[in-house]
Amino acid sequence: MTIRLDPFYLIVDDADALSQLVPLGVKLVQLRIKGQSDTRIAQEIRSAKAICTQYGTQLIINDYWQAAIDARCNFVHLGQEDLNSADIPALRNAGIRIGISTHDEAELTRALSFKPDYVALGPIYPTRLKKMPWAPQGLERIAHWKRLIGDCPLVAIGGLNIERLAGVFGAGADSAAVVTDISLHSNPQNRVLQWLDATRAQC
């Protein structure tokens, strides 16, 4: 069954940030933890899950698929490298949905072979988050990806801001994933409210 993603897809590094931003009305959030011990990761996931359950928010766990199974989460996001080690049948048997990152057509073909619940394309624009080996994809690539994947939801990520939303959604993206435009903002809470208003207006 095809799912419908919320148009605003927030990505945060820890449960503390999630606890401050989800209560504002966020309905789709990814917990992307880096460089922590297994114990700390498990704690962060448990905290994030409790908060998202309280507010009716869909939680997506990045990378740590086994920890997501252990915590009885229901959605993970996997990069291409994660696909080399992730136990996809175990995730499906646990009832966990899967989103997959893509950057070129070979990766998209591979991703679709796993029958993902969404496909992410990026970076759409230059991003400050990390150095990327891929050139910015641009709006035409969003439209091309959407033609290729059909009903499968498409998440756009990389360098997005509110001013770029009309083009991103107009090209065919179903959801806009946001990291630095909020995490590096002087007032993340206010910026989230602006994003919520802007995405609701577009969709």
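The basis for the numbers below is simple: all heavy atoms, side chains too, and nothing from hydrogens, waters or symmetry mates. All of these numbers come straight from a predicted model, not from anything done at the bench.
- Heavy atoms from other residues, nucleotides or ligands lying under 6.0 Å from CD of Glu163 number more than 12.
- For Phe75, the ring pair (Phe, Tyr, Trp, His ring centres under 6.0 Å) partners two or more places apart in sequence, or in a different chain, are Tyr118.
- Here CD1 of Ile51 is found 9.5 Å from CG of Leu59. Values are rounded to the nearest 0.5 Å.
- With Lys34 as reference, Asp63 is the one residue of Asp13, Asp14, Asp63 to meet the side chain to side chain donor-acceptor pair (under 3.5 Å) rule.
- In this structure, the separation between CH2 on Trp145 and CG on Leu154 is 9.5 Å, given to the nearest 0.5 Å.
- Between Asp6 and Arg200, at least one side-chain nitrogen of the basic residue sits less than 4.0 Å from a carboxylate oxygen of the acidic one, meeting the salt-bridge criterion.
- With Gln20 contributing its side chain and Gln189 its backbone, the two residues share no donor-acceptor pair below 3.5 Å.
- Between Arg164 and Ile124 there is no side-chain heavy-atom pair separated by less than 4.5 Å.
- Looking at every heavy atom in both residues, Ala111 comes nearest to Ile100 through CB-CG2, 3.6 Å.
- Residues Ile162 and Arg191 are in side-chain contact: their nearest non-hydrogen atoms beyond the backbone lie under 4.5 Å apart.
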**Prompt:** Are Ile33 and Asn62 close enough, and set up right, to give a side-chain contact (heavy atoms from CB on, under 4.5 Å), and what steps lead you there?
**Reply:** CA-CA 7 Å; Ile33 310 167; Asn62 181 268; over 6 Å; no

**Item:** side-chain contact (heavy atoms from CB on, under 4.5 Å) assessment of Thr199 paired with Phe169
**Value:** CA-CA 9 Å; Thr199 51; Phe169 287 130; 4.2 Å; yes

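- The line from CG of Leu193 to CD1 of Ile182 is 9.5 Å long, rounded to the nearest 0.5 Å.
- A donor-acceptor pair shorter than 3.5 Å can be found between the side chains of Gln58 and Asn74.
- The number of heavy atoms from other shown groups lying within 6.0 Å of CZ (Arg72) does not exceed 12.
- Residues Leu28 and Phe8 fail the side-chain proximity criterion, which asks for heavy atoms closer than 4.5 Å.
- With rounding to the nearest 0.5 Å, the separation of CD1 in Ile45 from CD1 in Ile61 is 4.5 Å.
- Residues Gly172 and Lys146 approach most closely at O-CD, 3.6 Å, considering heavy atoms.
- Phe114 has its side chain out of reach of Leu78: every pair of non-hydrogen atoms, C-beta onward, lies at least 4.5 Å apart.
- Heavy atoms from other residues, nucleotides or ligands lying under 6.0 Å from CG of Asp38 number 12 at most.
- Minimum heavy-atom separation, Leu31 to Ala15: CD1-N, 3.9 Å.
- Thr57 has its side chain out of reach of Leu18: every pair of non-hydrogen atoms, C-beta onward, lies at least 4.5 Å apart.
- Applying the ring-ring contact (aromatic ring centres under 6.0 Å, His included) test to residues at least two apart or on different chains, none of the pairs has a partner in residues 32-62.
- Using a 4.0 Å cut-off between a side-chain N of Lys or Arg and a carboxylate O of Asp or Glu, Asp174 and Arg4 do not qualify as a salt bridge.
- Side-chain contact between His144 and Glu105: present, with at least one pair of heavy atoms (C-beta onward) separated by less than 4.5 Å.
- With a 6.0 Å radius and a threshold of 12 heavy atoms from other residues, nucleotides or ligands, Asn84 has its CG atom above the threshold.
- A heavy-atom distance below 4.5 Å is not found between the side chains of Glu44 and Tyr64.
- Here the straight-line distance linking atom CG of Leu160 with atom CH2 of Trp195 works out to 5.5 Å at 0.5 Å rounding.
- Within the model, atoms CG of Leu5 and CZ of Arg97 stand 9.0 Å from one another, a figure rounded to the nearest 0.5 Å.
- His185 and Pro188 get closest at one heavy-atom pair: O-CD, 3.5 Å.
- In this structure the side chain of Gln80 reaches within 4.5 angstrom of the side chain of Arg110, judged on heavy atoms.
- In terms of modelled atom types and a separation under 3.5 Å, the side chain of Asp117 and the main chain of Gly99 share no donor-acceptor contact.
- Contact between His77 and Ser101 at its shortest, heavy atoms only, is NE2-OG, 2.6 Å.
- Minimum interatomic distance between Ala171 and Leu139 (heavy atoms only, all atoms of both residues): CB-O, 3.5 Å.
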